[in-house]
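Reading through the structure tokens given below for one structure.
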Amino acid sequence: MNASHKKIFVPIMIGFMLLMLFRGLNKPGSSVSMDYSDFLKTVESGSVTRITLQGDDITGVTGQGAFHTFAPEDPELMTLLKSKGVQIWAKPVNGDSWVRTILSWVPMLLMIGVWIFFMRRMQGGNGNLLSFGKSKARLMSDSRGKVTFEDVAGIDEARDELQEIIDFLKDPGKFTRLGGRIPKGVLLVGAPGTGKTLLARAIAGVAGVPFFSLSGSDFVEMFVGIGASRVRDLFNQGKKNAPCIIFVDEIDAVGRRRGSGVGGGHDEKEQTLNQLLVEMDGFESNEGVILIAATNRPDVLDPALLRPGRFDRQVVVSVPDIMGRLGILKVHVRNNPLSDDVDLKVLARGTPGFTGADIENMVNEAALMAARRGKDQLEMVDLEDAKDKVMMGPERQSMIISDAEKKAMAYREAGHALVARLLPGTDPIHKVTIIPRGQSFGLTQQLPMSEKHAYPKSDLQNSICILMGGRAAEEIIFNTQTTGTGDDIRKASELARKMVCEFGMSKELGPLAFGKEEGQVFLGRAFGRQREYSRMTVQKIDEAVRGIVVEAYKKALALIKDNLDTLGNIAMALLEKETLNRGDIDELMAGGQSP
Ligand code: ADP
């Protein structure tokens, strides 16, 4: 029985025992029970000397001892008793015993007990009912391992910005000398896993001031007013410990735009937010309390939170770029023995869109994989496999794929790879595989030479053409269309639509943007496009999107038709080896039969 079972079990046992006791007390002492007809006979025989009537209960004594019985409504009973000269005592139904009075309280006491029990559980078991409105801020200490700025890589701007805050806490005079005002609050904005919490912990590590940390959801309780009182308590704690830093993670849990809740009204969250705003106004940053909050949804925050004097500084913690990823990789492989073939630069290039958390996860997976494979060092294959696992989920080894299906997969991937190689100006191919992972059945991965922030139109057209390579190959080879290319088709259509509607890259429609993303506050997510153009334009947009995709498809068809031999060679090699790398593809393109 585990602890939580015990917690429930004990009150139930106590209740049960009390119930038994109650029943036991209700029973008349050690008298024998008698049926009514026997009782009448006994009275008639004259051996009953005295009885006590209490409601329907009859207790009495005969020459043999005490007895008890239960009397039905019998009008003749009294006459009989009187005729036999039995002494009759009558008692009120409820009795007069003090035990009964106490026992009548038992159910009530039990209920109170159960209530207290649940209250304590709701409080996370910290026991004290009166600490409801106290903040749950934890003073961050070294218990989780000290983090310093050395552990944070790839987000230098954010780091520098926060470094300034630390400098201020160490020497406020330096900044206020010229009349400057130190920000009261810093809002860290960034996608999940980009290192916001890590940054905050690093500040705690280096600032050398007390650091209180709590999550926005800690304010949220069932009872109105609790959140607000927690905010008050948090700031009181902060002021007492000044100079200090208060870190609120996931502030969107309390800081949502007011009046946006479904059902609206002045609810608990609004009260909490109002209190937060009041407290932020109420202290001077020179007092040395600095509030740092983190969120990945700045768009749903109440504008009042963001205005100067509150979170007047927003620090964007962005998804790292290629150099950032390299830095983060270096941080995380510090404690892993690496084999000589590991090239962190290639890994950094091959992990676009990875956040710090993804990279940490990847290195960890690689270490586990290497251990499972009985190695004493992490090799490049381990890291590559771990990367694919993090990107697309684990290999689906149990999936049964028929030979025919495998062949189709091989041709589809070969189609992607071939088109990618034939189109001028595309990124080199890193890997082609037909091992199914997560949701995808195969993959052709290209490796960008450098990170781009603005893509030329030709790149986008090429991407669509490569996506179409799979469908083109299956059309040419098998003369059919399968659902296997559905995902490519969806991606290609989305990209083409973006080209037309967002990037203004369509010849027919010109450099215009159509529609804008519409955010719905209470659902907290983008909710579609707002239409601000005519129906005619809708038709033109559809035509333009279709034009882009169809053109790319035709191009893919032509490229593949002209290089059918190479397509076949790549597909055969894939069937044989399942995964081909850049060198294999190069060789096949140069006319080699099979690597
Ligand atoms: P967030 O709070 O932004 O969701 P975290 O700070 O919790 O993300 O990041 C999770 C983990 O990812 C961290 O513990 C750290 O190991 C790793 N990580 C994230 N960003 C970085 C970075 N810039 N440098 C080093 N490690 C990072």
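Atoms within each ligand, like the ligands themselves, are counted from 1 in listed order.
- Across all non-hydrogen atoms, the minimal contact from Met391 to Thr351 is CE-CA, 4.4 Å.
- Inspection of the Thr197 and Asp249 side chains reveals an N or O donor paired with an N or O acceptor under 3.5 Å.
- In this view, Arg232 and Ser229, Gln275, Glu279 satisfy the side-chain contact (heavy atoms from CB on, under 4.5 Å) rule, not counting sequence neighbours.
- Between Arg307 and Asp281, at least one side-chain N (NZ, or NE/NH1/NH2) sits under 4.0 Å from a carboxylate O, which counts as a salt bridge.
- For ligand 1, the 4.0 Å heavy-atom shell contains residues Asp151, Val152, Ala153, Ile155, Ala191, Pro192, Gly193, Thr194, Gly195, Lys196, Thr197, Leu198, Ile328, His332, Gly356, Ala357, Glu360.
- Legend: residues meeting salt bridge (Lys or Arg N to Asp or Glu O under 4.0 Å) with Asp388, ordered by chain and number and at least two apart, are Lys431.
- The ring-ring contact (aromatic ring centres under 6.0 Å, His included) test applied to Phe235 returns Phe283, not counting sequence neighbours.
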